[in-house]
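Working notes for the structure below.
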Amino acid sequence: MEKSLLVCTGSPRAGSNSRILALEAARGAREAGALVEVVNLSRLRINPCRACARCRERGPGRCVQKDDMKNLYPLIKEAGAILLAHPVYWFTINAQTKLFIDRWYAFGQDEYACFREKKIGLILTYADCDVFSSGGVNALRAYQDIFAYLGARIAGTLYCTVSGEDEVRKRTNLLKQARQLGIELVS
Ligand SMILES: Cc1cc2nc3c(=O)[nH]c(=O)nc-3n(C[C@H](O)[C@H](O)[C@H](O)COP(=O)(O)O)c2cc1C
C-alpha cells in the first residue's frame with residue numbers, strides 16, 4: 001500500500017504557527033515518498049455532531065449532515081497516518097479541531113477499525129511557558145484516550161511555546177523537528 005499522510009490543521013489564524021509546522025511535516029513526508037493531503041479544518045464547514053445517532057441506522061460513516069465532513073470521511077479512512085496540528089485554546093484541544101473529532105462518531109464500532117493500523121502525529125502550539133501551564137497537557141491526555149480507544153498509535157508529538165503570527169519560521173530547530181515528524185509518520 002502506498003504511504004499516505006492526512007494533515008489536518010485547526011488554527012483560524014493567518015500566519016498560524018501550528019500550520020507552519022504542519023506544512024513542514026507535510027514536506028518531510030512528501031520527500032520521503034508519501035502521498036500527502038493537507039486540509040485546513042478552520043476553513044471548512046464542519047458542524048457539531050447532533051448526537052441524532054442516525055449514523056447507527058444508516059451504516060458506518062453515514063452522517064446525515066451535509067457539510068464538508070462528507071469529503072473528509074473517505075480521506076480519514078484511506079490515510080495511512082494522520083497528523084493533527086492546532087493551537088491550545090482554553091487549556092485543551094481548540095474547538096475547530098474538536099468539532100472534527102466529534103464527527104468521527106459516525107464511523108461507529110464497525111469502522112473505528114479503520115484507525116487501527118494508523119500512525120498519529122500531534123503538533124500543539126500555545127502561548128504559555130510550558131505544556132502544563134498552557135493546558136497542552138490536557139489536549140495530550142485527551143489524545144491518549146481517544147487514540148487508545150480507537151486503537152491507533154501516537155507515533156510522535158511536537159509541542160511548543162510560540163505566540164506571534166509566523167514566529168515559528170525563525171525557530172529552525174522546531175521546523176527541523178516537524179519535518180522529522182512527517183518523515184517518521186510515513187516510515
Ligand atoms: C481563544 C484562544 C484561547 C487560547 N487559550 C490558550 C490557553 O489556554 N493556553 C495557552 O497557552 N495559550 C492559549 N492561547 C494562545 C494560542 O494557543 C497561541 O497563540 C498559539 O501559539 C496559536 O497557535 P497558531 O499560531 O497556530 O494559531 C489562546 C488563544 C486564543 C485565540
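In each ligand, atom 1 is the first atom listed, and ligand 1 is the first ligand listed.
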Backbone of Asp128 reached by a side-chain donor or acceptor of Thr161 within 3.5 Å: yes
Heavy atom of the protein closest to atom 23 (O) of ligand 1 (residue, atom name, distance): Thr125 OG1, 2.9 Å
N or O contact, Val162 vs ligand 1, cut-off under 3.5 Å: yes
Under 4.0 Å to a heavy atom of Asp128 - the qualifying atoms of ligand 1, by number: 10 (C), 11 (O)
Heavy-atom nearest neighbour in the protein, as seen from atom 12 (N) of ligand 1, with distance rounded to 0.1 Å: Ala127 N, 3.3 Å
Interfacing atoms of ligand 1 (cut-off 4.0 Å, heavy-atom, Ser11): 24 (P), 26 (O), 27 (O)
Ligand 1 N/O within reach of Arg19 N/O, cut-off under 3.5 Å: no
Output field: ring centroids Trp104/Phe115 closer than 6.0 Å: yes
Polar atom proximity, Asn17 to ligand 1 (N or O, under 3.5 Å): yes
Geometric N/O contact Gly15 with ligand 1, under 3.5 angstrom: no
Between Phe91 and Tyr126, ring centroids under 6.0 Å: no
Geometric cation-pi criterion, Arg56 with Tyr105: 6.0 Å, 45°: yes
Nearest-contact summary for atom 26 (O) of ligand 1 - protein heavy atom, Å: Ser18 OG, 2.5 Å
Sidechain-backbone polar pair: Tyr73 side chain, Arg103 backbone, donor-acceptor under 3.5 Å: yes
Side-chain (Lys3) to main-chain (Ala32) donor-acceptor, under 3.5 angstrom: yes
Ring geometry between His86 and Tyr143 (parallel below 30°, tilted from 30 to 60°, perpendicular above 60°): tilted
Rounded distance [0.5 Å steps], OG in Ser18 versus CZ in Arg13: 8.0 Å
Nearest neighbour in protein (non-hydrogen) for atom 7 (C) of ligand 1: Ser134 O, 3.6 Å
Shortest protein contact, atom 8 (O) of ligand 1 (heavy atom only): Phe91 N, 2.7 Å
Top protein contact for atom 31 (C) of ligand 1, by heavy-atom distance: Tyr89 CE2, 3.7 Å
Minimum-distance protein heavy atom relative to atom 5 (N) of ligand 1: Trp90 N, 2.9 Å
No-hydrogen, no-angle side-chain donor-acceptor test under 3.5 Å, Glu167 and Asn17: no
Shortest protein heavy-atom distance from atom 13 (C) of ligand 1, along with the residue and atom involved: Val88 O, 3.3 Å
